[in-house]
Amino acid sequence: MIAIIDYGAGNTFNVQKAFDFLGVETILTSDPKVIDQSSALILPGVGAFKAAMDNLQAAGLVEIIKTTVANGKPLLGICLGMQMLFNYSEEYGQTAGLGLIPGKVVAIPDGDLLVPQMGWNQQILHNSSSVFKEVANQYTYFVHSYYAQTDPQYITSTVEYGVQVPAIVEHDQVIGMQFHPEKSGQVGLQLLKDFVEKVVTK
Amino acid sequence: MLAKRIIPCLDVDNGRVKKGVNFVNLTDVGDPVEIARAYEQQGADELVFLDITATNQHRHPITETVEAVSRQVFMPLTVGGGINTLDDIQALLRAGADKVSINSASVKNPDLISQAAQRFGNQCVVVAIDVKTDPQSGQKLVYTHGGQQATNLEAIAWAKEVVQRGAGELLVTSMDHDGTKQGFDVDFYRQLTAAVEVPVIASGGAGKVEDFAQVFLQSKVTGALAASVFHFGELNIKEVKDYVRSQGVVMR
């Protein structure tokens with residue numbers, strides 16, 4: 001059973017609906033025991049970094065997530081959930097993240113482009129051996145004002161938005177998607193399926 | 001590059017899609033799930049659902065529609081019509097909406113915009129603005145209640161105010177152009193998009209594929225919305241996107 005971590009994030013139900021549609025059983029939970037017994041973790045997220053980390057902390061979930069991942073279980077972070085995988089974010093001061101992938105989260109530069117980035121952007125694949133390689137040249141749906149800066153070795157794909165925005169990141173069995181696979185049509189569903197079939201049951 | 005969005009709008013009345021829908025191969029022409037799926041197959045980038053009975057009935061049957069659609073169709077869903085309170089917004093987001101569109105209530109109670117933005121984030125707060133030219137002054141004025149009530153708000157000034165209050169996106173309908181099929185009010189959208197730093201969706205006047213290309217090429221709108229031309233099958237979303245792309249606009 002895949003555990004979707006429930007800490008009050010806004011898009012949790014839609015993430016679960018996408019897995020339901022794929023016929024993949026998930027449980028929405030904040031129970032450390034259930035998380036410990038799950039086959040993989042999904043960390044959703046919408047909103048502000050600090051508030052989300054505070055909620056995770058208050059629910060006593062930070063250590064559980066770190067331990068579960070250290071034991072080799074796959075984790076997929078979505079949108080803000082991906083940003084929380086890194087060491088820290090510069091959103092409203094500096095807030096520590098989960099530190100599961102080396103890197104930091106910074107604001108999208110305020111240039112000619114509107115911030116947040118909101119809409120469908122085209123993926124550029126950088127790691128052709130990734131299980132998510134079919135994302136190459138596909139459009140997925142983004143809503144975000146901050147983006148991750150990390151070593152190229154962790155970057156599977158990017159999109160162009162004034163800067164190169166990491167779209168999929170991978171560090172062993174820890175995966176982050178900056179876009180919303182649960183809102184990215186058939187492409188997004190396929191990526192969730194790839195996670196379940198090629199990462200979780202590997 | 002971020003793609004420009006083509007957005008069909010569906011009027012929902014007690015769980016059924018109204019207006020004539022003319023899709024091939026739909027077994028139930030009023031079923032929102034089937035229609036949403038058909039639009040998804042044509043390449044729609046986002047769907048807007050407008051609850052046309054909500055205001056008078058003081059209830060939100062559309063939550064069930066949103067719940068059903070979000071189980072089958074995986075793209076951004078915006079829901080509008082009769083939203084007056086934070087609880088209304090909460091219920092729609094929980095049902096599966098990604099954004100809510102506030103129209104009349106934003107004029108009656110502008111604090112709702114700021115409160116909604118603070119509680120749920122700017123990205124899910126769309127303010128819908130219906131605009132009509134005043135015949136005497138020539139000013140573009142804001143109308144509410146489905147275009148029936150005039151206000152003394154000047155459209156661009158109002159747009160700036162709602163953005164300052166936290167609107168993350170504007171859905172702006174030109175009542176002058178709506179229903180004419182003569183194209184979008186491109187000059188107005190050019191002025192508007194120069195004045196605000198949030199995405200603007202143009203609505204009203206689409207009649208042919210060229211109209212979509214024109215509004216994207218001549219203003220900075222990020223999306224174009226239409227209802228009847230898609231409902232009645234006069235235009236197919238795929239043919240619109242193919243044409244707009246051929247004119248050099250980034251389309252998914």
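Chain letters run A, B, ... following the sequence lines, proteins first, then strands; residues in each count from 1.
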Checklist outcome for this item: side chain to side chain contact (heavy atoms under 4.5 Å, CB included) test vs Tyr141(A) passes for just one of Glu46(B), Met75(B), Arg252(B), namely Glu46(B)

Checklist entry - Does NZ in Lys66(A) sit with more than 12 non-hydrogen atoms of other residues, nucleotides or ligands closer than 6.0 Å? => result yes

Checklist entry - Roughly how far, to the nearest 0.5 Å, is the OG atom of Ser70(B) from the NZ atom of Lys183(A)? => result 6.0 Å

Next on the checklist: With a 4.5 Å cut-off on side-chain heavy atoms, are Arg71(B) and Phe21(A) touching?
Outcome noted: no

Item to check | Interface moiety of Gln123(B) toward chain A, non-hydrogen atoms closer than 4.5 Å | outcome: both

Next on the checklist: Please classify the contact of Leu93(B) with chain A as side chain, backbone, both or neither, using a heavy-atom distance under 4.5 Å.
Outcome noted: neither

Item to check | Which atoms of Arg5(B) approach chain A - backbone, side chain, both or neither, heavy atom under 4.5 Å | outcome: side chain

Item to check | Choice from Met118(A), Glu160(A), His180(A) maximising heavy atom contacts with chain B below 4.5 Å | outcome: Met118(A)

Item to check | Student check: side-chain heavy atoms of Lys17(A) and Glu67(B) closer than 4.5 Å | outcome: yes

Item to check | Close side-chain approach of Trp120(A) to Leu2(B), heavy-atom, < 4.5 Å | outcome: no

Item to check | Heavy-atom side-chain contact between Val143(A) and Asp98(B) under 4.5 Å | outcome: no

Next on the checklist: Set out, in order, the CA-CA distance, both residues' side-chain angles and the distance that settles side chain to side chain contact (heavy atoms under 4.5 Å, CB included) for Thr222(B) and Leu114(A), then state yes or no.
Outcome noted: CA-CA 10 Å; Thr222(B) 57; Leu114(A) 298 175; 4.1 Å; yes

Checklist entry - Is the shortest heavy-atom distance from the side chain of Met1(B) to the side chain of Gln122(A) under 4.5 Å? => result no

Checklist entry - With a 4.5 angstrom heavy-atom cut-off, which part of Val250(B) approaches chain A: side chain, backbone, both or neither? => result side chain

